[in-house]
Participant: 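Quick one: this structure, given as structure tokens, is what I'll be asking you about.
As the structure is a computational prediction, the values presented were derived from the model and not from experiment.
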Amino acid sequence: MMKKIIEPRLGMRFTMHGAKFEISFTSGGVVRYSSTAGGQIHSIPYADFLELQIQGTLLPSASSEITVTVHNGPVIVRKHRYVEAAIRTLTHPTAKAPLAQVIKTVAAEISDENPPSIRTVSYWILAFRQHKTAGFAPRKRIGNRTIRFGVEVEQLITQAIDHQYLKPERRRGDAVFSQVIGRAAELGYCSASHDKIRLPSARTIQRRLRRLDPYLVVRAQEGALAASKVARAAGKSVKAGAILAIVQMDTHMLDIHVVDPDTGELRGRPYLTCVLDMNSRCIVGTYVSLYCPSATTSLAALKEMLFRYGVPTLVIPDNGVEFANSAFILLCSALAITILPAQNRDPNGKAHIESFFRTLTTGLIQLLEGTTFSSPTARGDYSSTKKARFTLEQVQSFADEWINEVYHKSVHTGTLRAPILAWEDQAKVLPPLKLSAPDVDVLARRPYQRTIHGGRVQYDHIHYHSDALRALEARGQSRVTVLVDELNLHTVFVEDPNEKGNFIEAESIDPAYTDGLTQYAHTEAMAIKNEMSEADRKRFGQNANMIARWLLLKRIQVESETASKWLRKLTNGAGRKRLVEDQLATIESCTGADIGGPVVLSLPVAAVNAQTSTSEAGQGTWQEIPKLDSFDVE
């Protein structure tokens, strides 16, 4: 028996690779469909839709196979009576003479005043043998399916719709009609010599516009976001069947100012990158920094999740971050983690993590001194900059403790369970796969091809050395793969070309500069170094990198007018001058370089958010926040 193929139609539901979809529109040889869970919109050619059914990849739902309705029931029953009688009573059901007698008998029994012909019943028998009772359903022939105008006129109509109607200016049908007639006149289709060419009327153009896919119309006129809202129903939400089946990732600017642990100067508002498990609602990864959202900050949160909680199946990442060709993508690929970005400017795509950020803001961040509150109206006369007293490290520790001790142990309104209890119950049944910290450290690195020279490899103007590299070079194996961690450029791993999976650790030859150095800070420091005069670079010599990194810190401090006022208050009017002189003396004593002379440096106006201090900050709990009156800047 031939496999039954169902033509796509509006509202038809089907399953493909275990996922469920619903057809939203069919037109122009394209089938548009959307996920029943989440509403993501897709499209597929009409022929491919049928081919996937033949292959068994696409399975229509049971509701799509309904053939008998109140509209066609009598017709199907009539056909069935004739076919049933022929097959039951005749050895050869399609033989003409016996079949004619069967038709006469059945017509008398059912009082059929207009019995079918022998040929017609023969076709019904063939359809029944191929498709059973589904072969009795009448074929739908709605409307004129042929081209009503000549090919030249059809092209004019299509071009006019594209140029006039499917545009952000949202012109109406009369503009389309005008272009069709105008172009036809230019081409001579309106002249007496072309009197046989038939042109459309304004009413015809209106009917053509009504048959257009509403999704494509709104997408062309109002943009992709508006189109997705038009085409997507508020269907059921995406459900995660197990812990770490689906995790959401996003970055949020915290409503608080942080200060430098050494000087007390303002450093800006930090960002929190967070990963949330949709099944248990546990927070499985965090990273607090002064860096803007990027693939690097997302990588830091992902790394914490991998060795503390486990490997996820699907990640819905931060919308505004470009992940192409990043260590984040390479790490997900190595661990077979699927990445499914949410749609831009669509909070419903990551509603759970957006809700968490609101809870964190009201439950912790806006209770800390130095908070900016949610708006100037809510802030009122409160001076966020003058009240700022906590460091980045302290805010990180407060957030971690609040998440672990308050949020994870409170009943979640969506699941009606405490997140940590929901996690522990499922982890007992099927523990997620966890990675060791060294394994994550190696996997979360970007590979680069480099050549060994003198037992050293170089990456972005930083040299790394190892005695093992000297041995490889001596054996003539100088071309190696270097794995770089964008969060810490102090060391790199070099893969042994003789034994895949064996890694050689190489350290920077300038540890004072690379200790705790991120790729972001290094890029900014190198930009400052390039702005130095050639004479300064020669005078500083090998200490030029370290001095450039210090100048990056100086640049952040100098360019903050608010920080300047705050610093004068802290130093009783001495201001930044004394601090700069003290820090110059510290660097000179560490490097042996005299930088008392002028440094030719062109600084841009915009301030740069960068985490450049590696000093240890005082730790505390968010319940017992230290009440500091001032910072010791001596």
Participant: Would you say the ring centroid of Y33 lies under 6.0 angstrom from that of F49?
Facilitator: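 No, they do not, as the ring centres are separated by 6.0 Å or more.
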
Participant: Quick one: are S280 and T415 in side-chain contact, heavy atoms under 4.5 Å?
Facilitator: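 With C-beta onward as the side chain, the pair stays apart.
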
Participant: Closest heavy-atom contact between Y309 and L244?
Facilitator: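 The pair with the smallest heavy-atom distance is O-CD1, 3.9 Å.
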
Participant: Please name the pair of heavy atoms, one in R269 and one in I256, separated by the smallest distance, quoted to 0.1 Å.
Facilitator: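 Distance-wise, the nearest heavy atoms are CG-O, 3.2 Å.
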
Participant: Does any part of the side chain of V440, heavy atoms only, come nearer than 4.5 Å to the side chain of V442, both counted from C-beta?
Facilitator: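 Contact flag for V442/V440 side chains = no.
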
Participant: I'd like to check I283 versus Y407 (side-chain heavy atoms, cut-off strictly below 4.5 Å). Are they in contact?
Facilitator: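 In contact.
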
Participant: Minimum heavy-atom separation for L469 and A506, please, with both atom names.
Facilitator: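 Closest heavy-atom pair between L469 and A506: CD1-CB, 4.1 Å.
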
Participant: Are S397 and E393 close enough, and set up right, to give a side-chain hydrogen bond (donor to acceptor under 3.5 Å, both in side chains), and what steps lead you there?
Facilitator: CA-CA 6 Å; S397 67; E393 291 77 9; over 6 Å; no

Participant: So, do T481 and Q449 sit near enough that their side-chain heavy atoms are less than 4.5 Å apart?
Facilitator: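 T481 vs Q449: side chains touch.
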
Participant: Less than 4.5 Å apart, side chain to side chain, heavy atoms only: is that true for L435 and V311?
Facilitator: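 In contact.
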
Participant: Salt bridge or not for K500 and D496, using N-O below 4.0 Å?
Facilitator: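 The answer is no: the pair does not qualify as a salt bridge.
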
Participant: State whether K428 and E424 are salt-bridged, where the test is any N-O pair (Lys NZ or Arg NE/NH1/NH2 against Asp/Glu carboxylate O) under 4.0 Å.
Facilitator: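 Answer for the salt bridge query: no.
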
Participant: Could you check if a side-chain atom of E354 sits within less than 4.5 angstrom of a side-chain atom of D250, using non-hydrogen atoms only?
Facilitator: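 Contact flag for E354/D250 side chains = yes.
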
Participant: Under a 4.5 Å cut-off applied to non-hydrogen side-chain atoms, are I462 and H522 in contact?
Facilitator: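 Counting from C-beta outward, I462 and H522 do come under 4.5 Å.
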
Participant: Please name the pair of heavy atoms, one in P312 and one in I337, separated by the smallest distance, quoted to 0.1 Å.
Facilitator: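 Nearest pair, atom of P312 first, then I337: O-CG1, 3.5 Å.
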
Participant: Can you check whether Y464 reaches E507 side chain to side chain, under 4.5 Å on heavy atoms?
Facilitator: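 The answer is no, as the side chains (C-beta and beyond) never meet within the 4.5 Å cut-off.
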
Participant: Going by the ring-ring contact (aromatic ring centres under 6.0 Å, His included) test, which pairs reach into residues 248-267, not counting sequence neighbours?
Facilitator: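 Of all non-adjacent pairs touching residues 248-267, those that pass ring-ring contact (aromatic ring centres under 6.0 Å, His included) are H252-F357.
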
Participant: With salt bridge (charged side-chain N to carboxylate O under 4.0 Å, His left out) as the rule and sequence neighbours excluded, what pairs involving residues 286-304 come up?
Facilitator: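 Pairs touching residues 286-304 that pass the test: K303-D485, E304-R308.
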
Participant: Does Q248 use its side chain to pair, donor to acceptor, with the backbone of L276 at less than 3.5 Å?
Facilitator: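 No.
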
Participant: Under the 3.5 angstrom rule, does the side chain of D48 hit a backbone N or O of I44 as a donor-acceptor pair?
Facilitator: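 Looks like no, no N/O pair under 3.5 Å.
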
Participant: Where do L330 and S333 land on the side chain to side chain contact (heavy atoms under 4.5 Å, CB included) test, with the steps shown first?
Facilitator: CA-CA 5 Å; L330 296 175; S333 176; 5.7 Å; no

Participant: Check whether the ring centres of Y448 and Y459 lie less than 6.0 Å apart, and answer yes or no.
Facilitator: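 Here the rings of Y459 and Y448 have centres that are less than 6.0 Å from each other.
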
Participant: Test side chain to side chain contact (heavy atoms under 4.5 Å, CB included) on C292 and Y271 and set out the steps.
Facilitator: CA-CA 7 Å; C292 295; Y271 292 90; 3.9 Å; yes

